[in-house]
Asks: 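Supplied in structure tokens, the structure appears directly below.
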Amino acid sequence: MIITGKHLHRRTFLRGIGAAIALPMLDAMQPAFAAVTEPPVRLAFTYIPNGVTMKAWKPATTGADYELTRILQPLERFRNDLFVLSGLDHHNAESLGDGGGDHARAGACYLTGVHPKKTAGADIQSGISVDQIAAKALDSTTRLSSLELGCEDSRTVGGCDSGYSCAYTNSISWRAPQTPMPPETNPRVVFERLFGDQDFTLTPEARARKAAQRKSILDLVNNRAQRLAQDLGPADRHKVDEYLTGIRELEQRIALAEKDQHQFTPDMETPAGIPAAFSDYVKMMYDLQVLAFQSDATRVSTMLFGREASVRTYGEIGVSDPHHPISHHRNMPETIEKITKINTYHTSLFAYFLEKLRSTKDGDGSLLDHSMIVYGGAICDGNSHSHWDLPVLLAGRGDGQLKPGRHIAYPKGTPMTNLYLSLLERMNVKMDRLGDSTGQLEFLTEL
Amino acid sequence: MLDGMDTRTALTVLAFMSSSAVGATVQPFLAKNCYACHNDQLKTADVSLSSLKSVSDNPDLWEKVATKLRDGTMPPKAMPRPPQAETDAVVSWIKAELSRAELASKPDPGRVTARRLNRTEYNNTIRDLTGIAFRPADDFPQDDSGYGFDNIGDVLSMSPVLLEKYLKAASTVIRAATYGPDKLKPTVLRSQPPGREFPLIPKALTDYDLTGLSMPNALHATMRFPADGDYDVRIALEGRRPNGSEPLHIGFWIDGTQTATLEIDAPSDGGSIDLFGAQKNIRTHISAGDHWIAASLLKLYEGLPPSYAGPNPTKRPVPPPPDFSRFLKIPEGATPKEIDDLKRKQSERIELNKVPANRVWVHWLEATGPFNVPINPAAETRKKIFICAESEQGCDRKIVSQFARKAFRRPVSAQELRPYLDLVASERKSGSSFDEAVGAALQAVLVSPDFLFRIEHVEKAPAINGGSPIDQYSLASRLSYFLWSSMPDEALLRSAEQHTLRNPQVLEAQVHRMLKDKRAHTLVENFAGQWLELRRLESVSPDREKFPEFDDYLRMSMRQETEAFFQNLIDNDLSVLELLDAKYTFLNQKLAEFYGIPGVQGAEFRKVDLAGTPRAGVMTQASILTVSSYATRTSPVLRGKWILENLLNEPIPPPPPDVPALDEAKIGAAGSMRHQMEEHRTNPVCASCHSKMDPLGFGFENFNAIGQWRTKDGNFPIDASGTLPDGRVFQGPSELETLLRKDKSAFAECVTDKLLTYALGRGLERYDKRTVHDIAKKIEADDYRFSKLVIEIVNSLPFQMRRGEPNKT
């Protein structure tokens with residue numbers, strides 16, 4: 001058997017099972033003669049709204065020995081796993097004659113590089129986002145083509161920012177110029193999409209016992225229903241037959257699941273809903289992304305810490321003012337301090353994600369080795385709504401295609417979309433243009 | 001049947017009735033007026049009357065003939081009309097024959113298919129069985145409806161998905177009953193209504209809803225709280241206030257009672273105070289279940305700068321307005337007077353665009369919790385189920401048999417119990433504790449078809465009239481699921497055990513007891529809610545531009561009005577005719593103001609006299625008027641259809657395909673709705689149905705699409721007159737209501753039909769018509785009182801008996 005670029009599909013012998021069960025990579029599935037396995041490259045984006053305090057973000061020097069700034073301090077253990085990229089712009093998020101609405105433009109432009117149409121009505125128009133381009137190329141390779149997550153509720157109807165539709169701030173992912181991909185904000189729904197309805201809190205022995213008990217119960221009621229059906233008239237019997245069919249199918253599903261020895265067990269219990277504390281919420285959403293990558297349910301994900309113009313308060317770090325108003329800091333030191341606290345809090349949560357990715361085995365390395373994770377936003381300074389010299393972090397090694405551990409400052413006017421072209425290239429998706437791109441981004445692989 | 005006819009007609013009828021064979025009596029009439037189209041060759045509308053023999057051969061067809069003749073829809077308007085006396089006589093003859101055929105037909109109790117518990121019934125049954133109030137069935141897939149109700153045996157299906165959910169629910173329920181509910185992790189419930197637009201009101205109002213509850217700035221939501229406990233409620237605002245305004249006061253209500261006030265402030269951004277995102281939270285105790293949560297601005301027009309001329313202006317320093325005169329372009333050589341003029345015009349412009357006094361509203365509300373849940377060691381629920389200690393001999397048998405008896409709603413034989421006890425034994429052998437092992441058997445009970453389905457048995461007695469009486473346990477279940485949507489209680493089960501339930505006095509006493517029990521509220525929620533289509537109120541979305549005053553509070557209030565009305569009918573055992581024309585209703589302040597009825601203050605519902613208003617009965621309640629309209633306009637067709645189907649039991653067939661849509665833009669502009677629809681009724685085919693529906697709907701045109709009174713439809717005055725197909729005329733809703741009330745028996749039969757369907761859990765067939773007719777006649781003597789209707793239904797043939805089974809070989 002010749003293994004080409006695609007190794008044996010891990011889903012090959014799971015077809016036909018209704019339950020959402022997946023396998024991690026099994027040794028038996030690795031190519032017989034190749035020494036190096038080819039785990040797939042994963043792509044993830046985390047979006048932060050309302051800009052950052054650039055002074056506390058951008059390191060003073062470039063290269064590998066850059067000094068970690070205050071906001072980047074929580075990422076110290078990962079400095080060799082990530083790039084700090086400066087000087088990238090989103091020119092198309094500027095007003096360009098359209099007047100107010102920078103938050104809407106930022107959100108819509110971030111992954112598309114396109115200047116969105118100014119409208120609060122149904123005739124929205126943006127572009128196709130980089131994550132969806134990657135997802136389309138992977139269509140039918142993974143069960144879910146992509147995952148869109150969010151940690152702030154979407155606003156449903158009407159205008160959200162100076163004449164721009166709420167659709168522009170609700171999602172950063174766009175499948176088509178008129179089709180935003182709304183993020184899922186309830187972790188329970190995400191979990192059930194990925195893993196169905198099972199109970200993973202018990203030990204394997206407890207689960208086995210519970211499964212045996214369930215089987216006994218089903219046997220009991222199955223026998224009872226069969227005896228009952230014999231005594232009933234045709235109409236009633238039809239109802240009991242429906243019942244018996246349901247029992248039978250349920251028993252089959254359960255039996256198949258038990259036969260599968262290498263069952264993928266997510267190491268988290270089913271979320272009940274949105275956790276009360278923001279950090280728990282974000283961590284839970286990150287856990288779900290790691291599990292999704294680990295079980296290869298998908299290879300592309302995006303997540304919003306908050307929508308552009310988010311008004312979340314961060315009482316847990318001593319900032320009880322809503323985020324958006326204080327991002328208009330008017331150069332007042334106390335307000336700038338509050339914003340910086342929020343930015344630092346956010347990067348500490350990002351560090352959690354990197355930690356999980358790094359400690360999750362994936363083939364011959366870790367998930368982080370095989371991923372490309374972008375962290376940032378399309379607004380630099382929240383007060384002036386600037387869209388140039390954006391805060392951008394790129395973490396992961398992309399299966400050897402990235403050589404992180406440096407701060408790279410790009411020349412003025414370099415489009416952020418060039419980064420996207422380079423990321424797509426590393427997922428084997430060749431694009432000529434994306435939004436306002438001018439070519440690939442250099443220096444990501446060379447030292 | 002000969003009442004109300006003049007002598008000449010009566011004699012004609014008598015002549016017709018001298019023989020029941022069609023050939024001698026009615027045939028001349030049919031030959032003259034019907035055979036031209038409805039013969040075996042032409043078969044217009046697929047109907048041929050020329051070869052019909054007696055009525056009992058094809059009662060359905062004859063019934064149609066009678067209905068169309070009576071309504072005047074046949075012969076069609078284009079054909080010559082026979083004298084009314086002849087038509088009346090033929091109709092009476094047909095009706096008499098139909099009745100005779102039905103009376104002569106064998107009494108048939110019909111047969112209900114085994115019904116699985118629907119979602120409501122499942123939740124209620126679990127609650128009554130275990131004492132646990134949580135609602136596992138809220139996660140189950142939607143139930144299918146038939147004949148207007150979601151408890152119809154034939155229609156309710158069982159899928160593998162549902163079975164899996166039953167299994168899971170059984171496990172959760174038994175675990176909670178044995179060990180107490182799972183400790184819930186706090187989660188966030190959120191309500192964020194779609195964006196609002198407020199009219200610009202630059203000056204403070206002095207006369208407005210001071211509580212804020214009825215204001216458009218308020219947020220109303222029904223939230224489901226998973227458990228008793230403390231919740232962190234966070235309220236966020238949006239909008240702007242003029243510079244210098246005092247902090248805003250936000251009121252927080254639970255179930256209509258204000259429980260807290262919060263103060264929210266925000267800094268100015270130079271031009272005004274921006275409250276977007278300004279938020280505050282409070283911690284409060286909330287009990288489990290659905291609650292109406294509301295937050296609104298109190299004293300909205302207070303605390304403003306003095307220039308707004310409102311009550312209690314702000315005591316904070318108001319910064320001077322920015323001087324925009326430097327932006328003023330003063331032309332060369334302008335005189336001082338001209339400059340002053342320009343400056344004045346500019347300040348006037350700025351004044352107009354100043355932040356209006358009312359421009360803040362509640363943006364979203366979150367409730368996070370539960371915290372500090374009182375950890376019940378489940379003593380109460382455990383005691384109910386674990387009625388003995390492990391050490392006691394045969395305790396497992398005791399527990400399982402008691403539970404099964406209640407769950408299966410009948411005695412359980414030792415033989416039937418055997419597999420459950422075997423399960424307990426085998427679980428114990430594999431190492432489970434007593435509680436776990438017994439728990440497994442109890443879970444099996446909750447997944448057993450004997451629990452999930454209501455399977456009925458008949459008394460062991462020879463069949464009479466093709467049917468046998470259902471056994472007393474089945475009767476007890478029918479009673480409890482009819483009146484309580486839940487399992488029979490101990491009193492009912494004991495009465496069945498002692499074989500006293502079927503005793504008429506006992507039965508009547510039980511009905512009265514059950515109607516007084518608060519569990520009978522399910523009749524309001526489930527019967528009235530579906531019969532009157534109130535459930536649809538949850539999903540209607542009236543156009544925000546045309547009907548800006550429609551908000552969630554109004555929606556909630558509308559539903560509560562009709563529910564309170566129906567509950568009152570049950571509580572005071574009133575006549576069902578009240579539904580047609582009661583000159584009172586139940587209102588809160590919001591709804592009273594909406595109706596234009598003065599003098600009602602506060603959020604509680606109370607009885608309000610409707611004398612002097614054009615409203616009466618349910619037909620003019622906003623809930624009904626809204627569910628029978630479209631999002632942007634009224635629909636006389638929908639309203640007429642609603643009345644015909646739900647009050648007069650005359651369902652209308654669906655429209656033929658290829659009917660072009662009404663030109664919406666023209667309504668109110670080029671012609672009133674009525675005028676537009678007249679044009680669509682010149683076609684006699686359309687007219688055959690529309691001549692029934694439209695006049696009824698037009699009679700209510702004075703009520704707009706959300707039930708408010710109006711006298712104009714756009715630019716055109718409303719013409720609420722009409723002619724019923726039988727020729728009776730009316731002017732406006734009051735006269736129409738009077739005409740409909742004259743059809744007392746038609747309405748009574750309709751209510752009976754609906755309630756009987758709901759009670760039986762099957763659609764009614766032709767052989768049930770006499771039951772319906774008999775019941776309607778019987779309750780007339782008792783003024784059509786509700787309890788009498790229920791008792792007659794309970795005593796009726798289809799409720800008490802069941803048709804025998806066809807041979808199984």
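Residue numbers start from 1 in every chain, and the chains themselves are labelled A, B, ... in the order their sequence lines are given, proteins ahead of strands.
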Asks: For Ile247(A), is it the side chain, the backbone, both or neither that has a heavy atom under 4.5 Å from a heavy atom of chain B?
Replies: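 Both parts, backbone and side chain.
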Asks: Taking all non-hydrogen atoms of both residues into account, name the closest pair between Thr368(B) and Ala276(A) and its distance.
Replies: CG2-CB, 3.1 Å
Asks: What's the shortest heavy-atom distance between Pro449(B) and Tyr243(A), and which atoms?
Replies: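 For Pro449(B) versus Tyr243(A), the nearest heavy atoms are CD-OH, 3.2 Å.
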Asks: Would Ser171(B) and Arg214(A) count as a side-chain contact (heavy atoms from CB on, under 4.5 Å) if you check the C-alpha gap in whole Å, the side-chain angles of each, and the deciding distance to 0.1 Å?
Replies: CA-CA 9 Å; Ser171(B) 164; Arg214(A) 201 172 41 196; over 6 Å; no
Asks: In terms of heavy-atom proximity below 4.5 Å to chain B, should Glu249(A) be classed as side chain, backbone, both, or neither?
Replies: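 Only the side chain of Glu249(A) comes within 4.5 Å of chain B.
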Asks: Between the side chains of Arg227(A) and Glu416(B), is the shortest nitrogen-to-carboxylate-oxygen separation below 4.0 Å, so that they form an ion pair?
Replies: no
Asks: Run Trp364(B) and Val311(A) through side-chain contact (heavy atoms from CB on, under 4.5 Å) and show every step you take.
Replies: CA-CA 11 Å; Trp364(B) 49 259; Val311(A) 291; 4.2 Å; yes
Asks: For the CD1 atom of Ile217(A) and the CD atom of Gln443(B), what is their distance to the nearest 0.5 Å?
Replies: 4.0 Å
Asks: Given heavy-atom pairs under 4.5 angstrom as the criterion, report whether the side chain, backbone, both or neither of Val112(B) touches chain A.
Replies: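 For Val112(B), the contact with chain A is made by the backbone alone.
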Asks: Against chain B, label Arg209(A) side chain, backbone, both or neither, depending on which of its atoms sit under 4.5 Å from a heavy atom there.
Replies: side chain
Asks: Could you report the tightest heavy-atom contact between Phe453(B) and Lys239(A), atom names first, then the distance?
Replies: CZ-O, 3.8 Å
Asks: Do you know which of Ser159(B), Ala278(B), Ser157(B) has the most heavy-atom pairs under 4.5 Å to chain A?
Replies: Ser157(B)
Asks: Step by step, would you call Thr245(A) with Met158(B) a side-chain contact (heavy atoms from CB on, under 4.5 Å)?
Replies: CA-CA 9 Å; Thr245(A) 309; Met158(B) 174 84 72; over 6 Å; no
Asks: Start with the C-alpha distance between Arg234(B) and Thr313(A), add both sets of side-chain angles, then the distance that settles side chain to side chain donor-acceptor pair (under 3.5 Å), and finish with yes or no.
Replies: CA-CA 11 Å; Arg234(B) 175 171 292 261; Thr313(A) 60; 3.1 Å; yes
Asks: What pair of heavy atoms forms the shortest contact from Leu220(A) to Ala444(B), and how long is it?
Replies: CD1-CB, 4.1 Å
Asks: Of the non-hydrogen atoms in Gln279(B) and Pro322(A), which two are nearest, and what is the gap between them?
Replies: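 Smallest interatomic distance, heavy atoms only, reads NE2-CB, 4.2 Å.
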Asks: Using a strict 4.0 Å threshold on nitrogen-to-oxygen distance, state whether Arg116(B) and Glu242(A) make a salt bridge.
Replies: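 Not counted as a salt bridge, because no side-chain N and carboxylate O are separated by less than 4.0 Å.
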Asks: Nearest heavy-atom pair of Ala114(B) and Asp236(A): which atoms, and what distance?
Replies: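 Shortest heavy-atom contact: N-OD1, 2.7 Å.
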